[in-house]
There are 2 protein chains.
Amino acid sequence: MEHRSQMGGNAFLLAQIGAHAAAAFRERVATLDLTPAQAGLLRMLAADPGLSQQAYARRLGTPPSRFVTMVDTLEERGLVERRRGEPDRRSYALHLTEAGTQLFRRVGAVGRAHEDDLCAALDDDERKALHEMLSRIAAQQMLTPGVHPGYRG
Amino acid sequence: MEHRSQMGGNAFLLAQIGAHAAAAFRERVATLDLTPAQAGLLRMLAADPGLSQQAYARRLGTPPSRFVTMVDTLEERGLVERRRGEPDRRSYALHLTEAGTQLFRRVGAVGRAHEDDLCAALDDDERKALHEMLSRIAAQQMLTPGVHPGYRG
DNA sequence: TATTGTTATACTCTATAACTATA
DNA sequence: TATAGTTATAGAGTATAACAATA
């Protein structure tokens with residue numbers, strides 16, 4: 001009967017540190033005038049461009065109505081481009097503009113700094129060991145790589 | 001230049017697993033008709049009873065107006081009792097009732113099941129190693145033990 | 001006049017559902 | 001009639017600020 005199991009268990013620490021990590025990342029990308037959700041969309045567009053809005057919305061788990069306003073904002077800022085679908089003219093294919101590609105590179109730099117700061121208490125071997133354990137937990141808990149609901153806003 | 005650093009880094013995994021852990025705990029305590037915030041308050045009252053509402057609200061980081069409605073709900077359910085402050089009759093001292101104490105024990109059982117399920121992919125030594133690393137990260141990032149903003153609702 | 005607790009109001013965020021245009 | 005995208009509306013959750021009682 002360990003008293004600490006209530007408050008200092010791994011589950012609680014993971015939730016606490018996870019919330020902290022998400023909040024810290026939010027502040028960092030805010031310096032680029034982006035929300036975490038917008039940064040995530042830029043990443044998807046960089047990795048897998050040209051799909052329809054609904055395809056991206058499904059991946060992110062956001063309803064279409066919300067996705068539209070996200071794209072609106074990024075399009076107004078000249079980061080994302082809507083191109084009419086070729087055979088099916090109801091849909092739009094989304095692409096990063098040159099400015100969007102450049103901003104995405106800066107998001108990458110922000111992400112690396114974030115990672116490094118969060119793991120400052122661990123040396124290289126420990127970071128690898130942590131990564132291995134977290135990956136196993138994520139796999140066992142059936143979490144999809146690349147998407148987490150903390151990416152909101 | 002590791003490609004994976006963007007998506008599968010420790011920071012991202014921690015945020016993803018943390019959000020998952022918080023959501024899973026929310027579902028579990030919902031079986032006791034509690035939100036995570038209410039469960040956290042029961043725990044505070046069990047550990048440190050008799051303080052004023054403002055004292056607890058400050059600890060939880062919630063504004064007083066929100067705290068009042070939380071206490072209202074728990075008081076209506078007979079889990080928490082408000083006693084007029086002794087010298088200063090503006091304040092109320094909060095205490096768990098007998099029913100509140102009993103329900104809090106069930107929260108503890110739920111928490112242990114939650115911990116065990118989340119760590120199912122790790123053996124005992126690994127759980128200890130994980131706990132040690134997470135504790136060091138939390139300390140280095142200056143996180144207060146016992147409070148995380150994911151405890152909302 | 002300051003402080004504890006309370007109530008009222010306004011604001012943000014999100015999802016549901018109605019709408020339009022193409023098919 | 002069905003589907004991609006859009007717009008309008010309503011709901012939940014939250015915080016800010018006004019209020020009442022006691023000090």
Side-chain angles (χ1 to χ4, degrees), chain A residues 19 22-23 26-27 29-30 33-41 44-45 48-76 80-95 147-153, chain B residues 19 22-23 25-27 29-30 33-41 44-45 49-76 80-95 147-153:
Chain A
R26 174 178 299 275
E27 284 183 24
V29 293
D33 272 305
L34 290 174
T35 64
Q38 290 171 331
L41 178 54
M44 288 191 97
L45 291 177
D48 214 346
L51 303 183
S52 72
Q53 297 190 185
Q54 289 208 354
Y56 294 115
R58 265 193 299 273
R59 283 197 196 187
L60 290 172
T62 71
S65 64
R66 198 181 152 209
F67 189 79
V68 166
T69 65
M70 267 183 69
V71 176
D72 284 348
T73 309
L74 297 177
E75 192 184 33
E76 281 162 21
V80 163
E81 190 189 344
R82 279 190 243 236
R83 301 187 196 153
R84 271 286 176 200
E86 255 324 294
D88 186 343
R89 296 194 1 188
R90 288 173 303 185
S91 67
Y92 287 105
L94 298 188
H95 294 268
V147 178
H148 74 78
Y151 259 10
R152 293 261 158 103
Chain B
F25 184 70
R26 172 178 301 274
E27 284 183 25
V29 292
D33 272 304
L34 290 174
T35 64
Q38 291 171 330
L41 177 55
M44 288 191 97
L45 291 177
L51 304 183
S52 72
Q53 297 191 182
Q54 288 207 356
Y56 294 115
R58 265 193 299 273
R59 284 196 196 187
L60 290 172
T62 72
S65 64
R66 200 183 151 205
F67 190 79
V68 166
T69 64
M70 267 182 69
V71 176
D72 284 347
T73 308
L74 296 176
E75 193 184 34
E76 282 162 22
V80 164
E81 190 189 346
R82 281 189 243 236
R83 301 187 195 151
R84 271 285 176 201
E86 256 322 294
D88 185 343
R89 295 194 0 187
R90 287 174 302 185
S91 66
Y92 287 105
L94 298 188
H95 295 267
V147 178
H148 74 78
Y151 260 13
R152 294 261 158 102

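The basis for the numbers below is simple: all heavy atoms, side chains too, and nothing from hydrogens, waters or symmetry mates. We name chains A, B, ... by the order of the sequence lines, and we start the count at 1 in each one.
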Polar-atom pairs under 3.5 Å, protein N or O versus N or O of nucleotides 16-18 of chain D: list them with distances, or write none.
| from | atom 1 | to | atom 2 | distance (Å) |
| --- | --- | --- | --- | --- |
| D/dT16 | O4 | B/Ser65 | OG | 2.9 |

Practice task
Apply side chain to side chain contact (heavy atoms under 4.5 Å, CB included) to B/Pro49 and list each qualifying residue two or more places apart in sequence or on a separate chain.
Solution key: B/His95
Handout entry: Divergence of helical axes at both termini of the helix from C/dT1-D/dA23 to C/dA23-D/dT1 - five pairs an end, 10° steps
Key = 30°
Problem - Within-4.5 Å side-chain heavy-atom neighbours: A/Thr73 and A/Val80 - result: no
Problem - B/Pro64: partners by side chain to side chain contact (heavy atoms under 4.5 Å, CB included), with sequence neighbours left out - result: none
Exercise for the section: Name all residues meeting the side chain to side chain contact (heavy atoms under 4.5 Å, CB included) criterion together with A/Arg82; count only those two or more places apart in sequence or in a different chain, and write none if there are none. Expected result: A/Gln53, A/Val71, A/Asp72, A/Glu75, A/Tyr92, A/Leu94
Exercise for the section: Could I get the full list of side-chain hydrogen bond (donor to acceptor under 3.5 Å, both in side chains) partners for B/Arg89, not counting sequence neighbours? Expected result: none
Handout entry: Short side-chain N/O contact from B/Gln54 to OP1 or OP2 of C/dT4, under 4.0 Å
Key = yes
Completion exercise
Atom OH of A/Tyr56 and atom P of D/dA4 are separated, to the nearest Å, by 15 Å
Handout entry: Rounded interatomic separation in angstrom, taking CD from B/Gln53 and P from D/dA21
Key = 17 Å
Using nucleotides 21-23 of chain C, report all nitrogen or oxygen pairs with the protein that are shorter than 3.5 Å.
| from | atom 1 | to | atom 2 | distance (Å) |
| --- | --- | --- | --- | --- |
| C/dA23 | OP1 | A/Pro87 | O | 3.4 |
| C/dA23 | OP1 | A/Arg89 | N | 2.8 |

Fill in the blank from the handout: Residues at least two apart in sequence or cross-chain that pass side chain to side chain contact (heavy atoms under 4.5 Å, CB included) with B/Gln54, listed by chain then number, are B/Ser52, B/Arg58
Completion exercise
note: A/Phe67, atom CZ; D/dT7, atom C1'; distance rounded to Å ~ 17 Å
Practice task
Round to a whole Å and report the spacing from OH of A/Tyr92 to P of C/dT20.
Solution key: 16 Å
